[in-house]
Amino acid sequence: MGIKEILKKPGFTKADIVQLLNAEGEEAKILFHHSAKIKEENVGNTVYLRGLIEMSNVCDKDCLYCGIRKSNELTNRYSLNETEVLNAIKFAYDNRYGSVAIQSGELCSTAFTSKIDNIIAESKKLTNGEIGITLSCGEQSEETYRKWFNSGAHRYLLRIESSTKELYTKIHPNNSNHDFNNRLTTLKTLKKIGYQVGTGVMVGLPFQTVEHLADDLLFMKEFDIDMCGMGPYIEHKDTPLYEFKDSLIPLNDRFKLTLKMIAVLRIMMPDINIAATTALQTIDKMGREKAIRIGANILMPNITPGKYRDSYALYENKPCTDENADDCKNCIDVRINMVNHEVGYAHWGDSKRYAKRK
Ligand code: SAM
Ligand code: SF4
């Protein structure tokens, strides 16, 4: 069956998805054209902002791919204090960003969970309850998630990283702190509490095949996610997975494959929110804009104070680490307008899927 026929089908099989992800040249163009149309019809051409605050690179976990993993002694550790986080949130509010996303290494201490809780409560006071809050602070207890939800956080991002247990196990240490089943249960808990739940995967990991990626998309559909963040895997020399760097597909192919993942997901789940991730921009200066053109509708401009950005090095050559929030602000409109989209200032831009699910 040709790409055009597959795209007419009401639902995709795994084999269909594999074929779409393998599309090249003219066929890839047809896929992107179709996903752009589906996107326009379902979520329009407005891009919503989540001011990204990389709160801390202190992490209790040791994911084998991540530059800020606990065992990387070369990482210069930092944690923003509450005032620094609230200043960044105030910046987002004053500049009508609508929402912030607080991301951090994973810590479960009371000091950490209470700090996040205070920040959520204070940021609501600071912004008349107007700022939307997405959290991405890893796996936590149900009690902690409930506390944060009750304080005002309403979206949570926790990537499944890979929906194939066997692959998940290869990219994480083999211990109870990095347990695949726990990851799944945690995602279900977030949904049960009432969060808009986002997940995602890295694309181009060692040992990963297109079949794995097709399964990831089917997993997202089956789980009925509200949001998604997917980015290319970018190797970091101070991590254990670096040893497999020679087996990776070239960076440009990881980039193209990520765009195809976004396009296919947009077709499979027309009304979810999909982020144009920073890792795309690392490979291609216009990476996030290209993702927006073919399916993404969320942008996460970095508003972490500039002096900390170098230290949040999940992978190498992360973009804009030498900039401050103001610099990012200046280029948002220009970049979004370049791809004939507009920014939905001062709006939460919640997942339409979530509204329907509820
Ligand atoms: N610690 C939290 C967690 O793991 O959910 C949130 C922060 S974590 C740094 C955010 C995401 O960064 C992870 O879910 C992972 O997919 C991504 N990431 C980590 N290392 C990466 C790498 N080398 N290349 C691309 N993405 C990476
Ligand atoms: Fe920690 Fe998240 Fe990096 Fe894993 S991916 S080591 S949990 S910051």
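Just so you know, these numbers come straight off a predicted model, no measurement behind them. As the structure lists them, so they are numbered: ligands from 1, and atoms in each ligand from 1.
Numbered from 1 in the order shown, with element, the atoms of ligand 1 that lie under 4.0 Å from a heavy atom of Ser136 read 6 (C). Atom numbering of ligand 1 starts at 1 in the shown order; those under 4.0 Å from a heavy atom of Tyr233 are 23 (N), 24 (N), 25 (C).
Among Ile234, Ile68, Val203, the residue whose heavy atom lies closest to atom 24 (N) of ligand 1 is Ile234. For atom 14 (O) of ligand 1, the choice among Met55, Glu161, Met230 with the nearest heavy atom turns out to be Glu161. Heavy-atom proximity to atom 27 (C) of ligand 1, evaluated over Met202, Glu235, Glu316, Glu106, is greatest for Met202. Across the listed options Gly67, Ser104, Cys66, Ser104 owns the non-hydrogen atom lying nearest to atom 1 (N) of ligand 1. Relative to atom 4 (O) of ligand 1, the option among Arg183, Lys61, Glu139, Gln103 with the closest non-hydrogen atom is Arg183.
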Evaluate the criterion side-chain contact (heavy atoms from CB on, under 4.5 Å) for residue pair Ile274 and Arg266; output intermediate values, then yes/no.
CA-CA 8 Å; Ile274 304 181; Arg266 174 56 74 199; 3.7 Å; yes
Between Glu235 and Tyr315, does a side-chain contact (heavy atoms from CB on, under 4.5 Å) hold up when you go through it step by step?
CA-CA 6 Å; Glu235 62 272 34; Tyr315 42 80; over 6 Å; no
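Where the criterion is an N or O separation shorter than 3.5 Å, residue side chain and backbone included, Tyr312 fails it with respect to ligand 1. Residue Arg159 has at least one nitrogen or oxygen atom sitting less than 3.5 Å from a nitrogen or oxygen atom of ligand 1, judged on distance alone.
For Pro232, every heavy-atom contact with ligand 1 shorter than 4.0 Å involves the backbone, none the side chain.
Tyr65 CD1, 3.4 Å is the protein heavy atom nearest to atom 20 (N) of ligand 1. Scanning all protein heavy atoms for the shortest distance to atom 9 (C) of ligand 1 gives Leu314 CD2, 3.2 Å.
Between Tyr97 and Phe91, the two ring planes are perpendicular [angle over 60°; tilted spans 30° to 60°].
When side chains are defined from C-beta on, Met230 does not count as touching Thr277, because their heavy atoms never get closer than 4.5 Å. Residues Arg155 and Tyr354 form no side-chain contact, since every pair of their non-hydrogen atoms from C-beta on lies 4.5 Å or further apart. Using a 4.5 Å cut-off on side-chain heavy atoms (C-beta onward), Phe112 and Cys137 make contact.
Under the side-chain contact (heavy atoms from CB on, under 4.5 Å) criterion, Glu243 pairs with no residue at all, not counting sequence neighbours. Applying the salt bridge (Lys or Arg N to Asp or Glu O under 4.0 Å) criterion to Asp94, with sequence neighbours excluded, gives Lys90. Remark: Phe12 engages no residue in a ring-ring contact (aromatic ring centres under 6.0 Å, His included) (not counting sequence neighbours).
Between the side chain of Asn57 and the main chain of Tyr78, a donor-acceptor pair closer than 3.5 Å is present.
In this structure, Lys245 satisfies the cation-pi test against Tyr242, with its NZ or CZ atom closer than 6.0 Å to the six-membered ring centre and inside 45 degrees of the ring normal.
Shown here, atom 4 (Fe) of ligand 2 is in close reach of the protein: a heavy atom of it lies under 4.0 Å off.
Less than 2.8 Å away from atom 4 (Fe) of ligand 2, the protein contributes these N/O/S atoms: Cys63 SG.
Between Arg146 and Glu142, at least one side-chain N (NZ, or NE/NH1/NH2) sits under 4.0 Å from a carboxylate O, which counts as a salt bridge.
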